[in-house]
Amino acid sequence: MGILEGKGLSFLFPLLRMQAELWKALQADPTPAAIYKWIKDNVEARLHTDPGFINVLMSSILKYVTQESTLGEGVDPTTQPGKDLVEREKDLVDRLKPVLQRFLHDHVELQVSALY
């Protein structure tokens with residue numbers, strides 16, 4: 001993404017730019033309220049039911065969760081994570097679940113898209 005931004009071409013891949021910005025927002029404040037507010041302020045309402053947006057949302061949340069737990073700094077990815085890391089991962093997913101429910105709850109096709 002940095003190359004595209006450097007050349008002024010990030011508009012060619014708006015979902016990629018959105019993913020980078022959502023990642024920054026997650027790192028700054030990973031609370032469901034802050035994430036939802038960021039989405040409401042920065043993502044057009046018509047995209048809330050777009051599979052591409054759902055992919056960006058899932059990818060960003062899962063990246064955050066794993067980097068804060070089972071794939072965090074100092075964790076050996078070649079060994080099975082300890083129970084404490086698995087519990088941390090589960091807690092983070094549970095904490096961010098309201099954001100996912102907001103966009104996936106009534107949309108079976110988007111739920112399927114989120115799984116893939």
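- Every pair passing side-chain hydrogen bond (donor to acceptor under 3.5 Å, both in side chains) that includes a residue from residues 65-78 is listed here, sequence neighbours excluded: Thr70-Glu89, Asp76-Thr78.
- Put simply, CG on Leu57 and CG on Leu22 are 6.5 Å apart, with the number rounded to the nearest 0.5 Å.
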Which atom pairs, one a donor and one an acceptor, fall under 3.5 Å between side chains of residues 109-116 and the rest of the protein, sequence neighbours left out?
| unit_1 | atom_1 | unit_2 | atom_2 | d |
| --- | --- | --- | --- | --- |
| Gln111 | NE2 | Leu104 | O | 2.8 |
| Gln111 | NE2 | His105 | O | 3.1 |

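- Closest non-hydrogen pair, Pro98 versus Asp94, comes out as CD-O, 3.8 Å.
- Under the side-chain contact (heavy atoms from CB on, under 4.5 Å) criterion, Asp84 pairs with no residue at all, not counting sequence neighbours.
- Through direct or relayed side-chain contacts under 4.5 Å between Ile, Leu, Val, Met, Phe, Trp and Tyr, Leu71 connects to no other residue.
- Listed by chain and residue number, Lys37 satisfy the salt bridge (charged side-chain N to carboxylate O under 4.0 Å, His left out) test with Asp41 (two or more places apart in sequence, or in another chain).
- The line from CZ of Arg102 to NZ of Lys40 is 8.5 Å long, rounded to the nearest 0.5 Å.
- For Asp91 and Arg95, the salt-bridge test fails: no basic side-chain N is under 4.0 Å from an acidic carboxylate O.
- Atom CH2 in Trp38 sits 10.0 Å away from atom NZ in Lys24 (nearest 0.5 Å).
- At a threshold of 4.5 Å between side-chain heavy atoms, the hydrophobic network of Ile, Leu, Val, Met, Phe, Trp and Tyr places Tyr36 and Val65 in one connected group.
- For the atom pair CG of Leu96 and CD of Gln101, the computed distance is 11.5 Å after rounding to the nearest 0.5 Å.
- Looking at Trp23 and Gln27, their side chains do bring a donor and an acceptor atom within 3.5 Å of each other.
- One finds the CG atom of Leu62 at 11.0 Å from the CG atom of Leu92 (value rounded to the nearest 0.5 Å).
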Donor-acceptor pairs under 3.5 Å, side chain of residues 47-55 to any protein atom, not counting sequence neighbours: which ones?
| unit_1 | atom_1 | unit_2 | atom_2 | d |
| --- | --- | --- | --- | --- |
| His48 | NE2 | Val43 | O | 3.3 |
| Asp50 | OD2 | Gly52 | N | 2.7 |
| Asp50 | OD2 | Phe53 | N | 3.3 |
| Asn55 | OD1 | Ser59 | OG | 3.4 |

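- The minimum heavy-atom distance linking Asp29 with Ala34 is given by the pair OD2-CB, 3.2 Å.
- Taken to the nearest 0.5 Å, the CG atom of Asn42 stands 6.5 Å off from the CD atom of Glu21.
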